[in-house]
Amino acid sequence: MSTYNPSEIETRWQKYWLENKTFRTPEDHSKPKYYVLDMFPYPSGSGLHVGHPEGYTATDIIARYKRMKGYNVLHPIGWDAFGLPAEQYAVKTGTHPRDTTEKNINRFREQLQMLGFSYDWDREVNTTDPDYYKWTQWIFLQLFNKGLAYEDEQPVNWCPQLGTVLANEEVIDGKSEVGGFPVIRKPMRQWVLKITEYADRLLADLDDLEWPESTKEMQRNWIGKSIGAEIDFQIDKHEGTEIRVFTTRPDTIFGATYMVLAPEHHLVNKITTDEQRDKVEKYREEAAKKSDLERQELTKEKSGVFTGAYAINPANGKEIPVWIADYVLAHYGTGAIMAVPGQDERDWEFAETFDLPIIRTVQPPEDFDGKAYTEDGPAINSDFLNGLDITAAKKKIIEWLEENGVGKKSINFKLRDWLFSRQRYWGEPFPIIHVDGKPKAVSEEDLPVTLPEIDDFQPTESGEPPLARAKDWVKTTDPETGNPALRETNTMPQWAGSCWYYLRYISPEFDGAPVDKGDENYWMPVDLYVGGSEHSVLHLLYARFWHKVLYDCGLVSTKEPFKKLVHQGMILGEVEYTAYQKDGKMISADEAAGESGVTRVPLSDSDVEKKGERFVMKGTEITVEAKAHKMSKSRGNVINPDDVVDRYGADSLRLYEMFMGPLEQVKPWSTKGVEGVNRFLNRAWRLLFNNDEKSSLKVTDSEPNAEQLKVLHEAIKKVTDDIEEMRFNTAISALMIFVNEANQWDSMPKSVAEPFVILLSPFAPHIAEEMWSRLGHGGSLAYEKWPEYDEKLMVSKTVEYPVQVNGKVRANIEVPADKAKDKEFVIGLAKQQQNVEKYLDGSTIIKEIFVPERIVNLVVKPG
RNA sequence: GCCCGGGUGGCGGAAUUGGUAGACGCGUCGGAUUCAAAAUCCGAUGGCAGCAAUGUCUUAAGGGUUCGAGUCCCUUCCCGGGUACCA
């Protein structure tokens, strides 16, 4: 029986690491540093799921590896603990969110420790701790004092069921991201952060980041910079009234055959003629009633109404009608457009619907049979622009507009200011009081403004946030004047705490500022940041924004917080086979799609076989669905890490999650796969220890032979290179190859076993520590030196060459290493091979390809 | 629709600058050990033909470049993610 006993070993080493503070961050700044960060979790009531350890294991491997490479490593963890679930639970049960949160955090901490992550547990941060949110409030005050935080009455996404306002990003298809409740538009006083002021820098600084290209692209699209022009159109019969439009295609102005204003545009009332007024009013009312969702739903049919007014196209003096339509958005650009149906698909559609004229101003290619033509080409019907391509035409028309004082170059962003307040209890209070209806900053000495105690966590009857229930807390005085004042009752959104937590880890106890300047200078930027791609836009954009503000305040030394970013891919449930049944008969999965009255029948993999491209029920032609689904409680396919650790140990869980495939990829869970890596650990154990009760040492003091050194150094090279590139799956495969090879040896020299244990340790730290100590070392191996490989020990005595004739392998030859680069020798040997001669016979060699240490290819033709 | 990723054995996945496709693991089959089982160990394992040597086909499909293509180019199909009237 095997004596590798993970549960005993793992608890013992976890205790050792904690008691000895093995992973405490070094205080000295004398060595190179490495800051490796996980996106900190929201401590939910359901505990850790198998997705968490994926990214956490990856960063843990890097952290342990870097320590052994001689770096000072900062590897912290904390809790993003404000948020809606604890509050909803409080509404239901009356349990204070603080208590729920504390309980959940304790559970999460326990689970993370159970997995053997090498966090510095003295640096935990907790966003709900007043000592932490004091500095969140402090940062808000910097924003406020810089004029980057302002109050605004604006239509917001109000969710009645949640009793709160949601950011645009938190609304998906007109429903709340959390809970899926309907969301309506409602005007409300809100705090807003001027992220738009940083739009250009947020865009430009993306270029230098080592982030996934797709994530950078998403942020670029979100920021949505467009370069174009603003152009003023005179309104006929309204002397001095102009409509300003924004366009990215000023070069098409000669094709502007009508204009469209957003229904909410402020000039609509003024320019509408009496005959059209009824229709316009009616259209505006209807548009106002619609939510954003409804407007989007009706994208198929363009709608709109003529205002009766005409504008003058400044380029050619022609009169064009002015319409209103809800396909023009009030909040983008100037809320008005010049419509150029010839070059814009939306305008073309609208023009077709309402029978408006269409003029092409870019010559499409002859074979073009579409409608609007949006590609490049020479300008036509455009007076002095004719013949120019888009770029040149843009340049020329902008010069012309500026000379004539009717327009200018202009830049627009899709990005909107950040709606920063929520009508919730469990969030950071704003450090703001209202005196005579005006917001005023609480002075820094009076921070933190702590959450008041209340016993009902619902909004008030009048719809005010829950904090309004704490009447004594709300009513206060202005310390400067002694005048009565009211505290702000909104709280900050969950993003606030996560916008700067990576800084607090650097000096968690520091009480002079969010972060100690000297330590910040040493540790920043974060060298590696790992977390889910669901944060590609929101968290990462907001954190970058705050970081830049802090940079402008002189508080941080880097323009960007996260140098390198990696997203771990989601782990899906085990593959499930599903057959479909209708009216008692099995039907093929593709027929079942969209049918009603279909029952799903789960099958086991022994009922299923592969036939061509698809899976079918064994012995039939009935197609079966084979799919790994997202893990979810309702589907019942959730894998609980606790169970996996109980059965196989934390080392096996860690190893398996890394072995599944590339870190970034989505991949299905397989319990059989865990068993596989568990077998590997058992084999590794038996490599060093005898199969007796005490696991006595099998390792010898003998000198390793050349073969053993070769196998070892190949493993060192592969594992080292793969960790550097975060290819953990192939690194583990290299460790497996080592064990497979070593299993065939007669002896296991200590000088080979020890480097192997170190190679294994970042992946499976518990078993490695145990091996290390049984090999006779005291203490932990966490700071042992990472082994270096020696290329000289890796060369083989012979080199194998595949020999091809006309690109097909016909033989393999072994060449002594010293002759391996001798072209004539190798080709000579190749030609003698029986199976090669066969193909050369009766043919002429027209070319001999020789790639040293790679391949030989003889090109022949008959005759 | 648009923008990013991807399509490789029964499955998860490997494959330097283009150089033996299928490493490693799972599963399956056969064997050893055992009273038996579990565990463990050994062997086989992409398809087709063949006793075998070997041949032939094969990286979503089709075409191209090359002595040689999973890798480069073109066309098409499918899957995943993001986004959606942003002028």
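Bear in mind the structure is a predicted one, so any value in this text is a computation, not a measurement. In what follows, chains are A, B, ... by sequence order, proteins preceding strands, each numbered from 1.
Contact check, A:Arg727 against B:U16: no side-chain N or O comes under 4.0 Å of OP1 or OP2. When the side-chain nitrogen and oxygen atoms of A:Lys610 are compared with OP1 and OP2 of B:C11, one or more of them lie within a distance under 4.0 Å. The phosphate of B:G55 has OP1 or OP2 within less than 4.0 Å of a side-chain N or O from A:Arg810. For A:Asn835 and B:G55, the shortest distance from a side-chain N or O to OP1 or OP2 is below 4.0 Å. Within the structure, a side-chain polar atom (N or O) of A:Arg686 is placed less than 4.0 Å from OP1 or OP2 of B:C41. Distances shown here put a side-chain N or O of A:Gln665 below 4.0 Å from the OP1 or OP2 atom of B:G13. The side chain of A:Lys808 places an N or O atom within less than 4.0 Å of a non-bridging phosphate oxygen (OP1 or OP2) of B:C57. Contact between the side-chain N/O atoms of A:Asn743 and the OP1/OP2 oxygens of B:C41 is not found at any separation under 4.0 Å. A close approach under 4.0 Å does not occur between any side-chain nitrogen or oxygen of A:Lys667 and OP1 or OP2 of B:G12. Note on A:Ser226: a side-chain N or O is less than 4.0 Å away from OP1 or OP2 of B:A87.
What separates CH2 of A:Trp669 from P of B:G25 is a distance of 19 Å, to the nearest Å. Going from atom CG of A:Asn806 over to atom P of B:U66 covers 15 Å, rounded to whole Å. Atom CD in A:Glu345 sits about 8 Å away from atom C1' in B:G1, given to the nearest Å. The interatomic distance linking A:Glu714 (CD) with B:C24 (P) rounds to 13 Å, in whole Å. In this structure, A:Leu603 atom CG and B:C11 atom C1' are separated by 17 Å, rounded to whole Å.
The nucleotide B:A23 finds no pairing partner, because no Watson-Crick or G-U wobble arrangement with both distances shorter than 3.5 Å includes it. Base pairing annotation: B:C29 forms a Watson-Crick or G-U wobble pair with B:G43, both donor-acceptor distances under 3.5 Å. Across all strands shown, B:U54 pairs with B:A49; the Watson-Crick or G-U wobble distances both stay below 3.5 Å.
Between A:Trp323 and A:Phe350, the ring planes lie perpendicular to each other; the angle is over 60°, past the 30° to 60° tilted range.
Between A:Glu210 and A:Lys216, no side-chain nitrogen of the basic residue sits less than 4.0 Å from a carboxylate oxygen of the acidic one, so the salt-bridge criterion is not met. Ionic pairing of A:Asp232 and A:Lys408 is not present here: no N-O contact between side-chain nitrogen and carboxylate oxygen is shorter than 4.0 angstrom.
Judged by distance alone, with hydrogens and angles left aside, A:Arg854 brings a side-chain donor or acceptor within reach of the base of B:U16, the pair sitting under 3.5 Å. A donor-acceptor contact under 3.5 Å is not formed by the side chain of A:Lys672 with the base of B:C11.
Taking the ring centroids of A:Phe659 and A:Phe763, they lie at or beyond the 6.0 Å cut-off.
Residue contacts for A:Tyr839: at a heavy-atom cut-off of 4.0 Å it reaches the sugar-phosphate backbone alone, with no base atom in range. Across all strands shown, A:Pro212 has no heavy atoms under 4.0 Å from either base or sugar-phosphate atoms.
Regarding the sugar-base torsion, B:G18 falls in the anti class, its angle being beyond 90° of 0.
With A:Lys710 contributing its side chain and A:Val795 its backbone, the two residues share no donor-acceptor pair below 3.5 Å. Side chain of A:Asn806 to backbone of A:Val860: a donor-acceptor contact under 3.5 angstrom is found.
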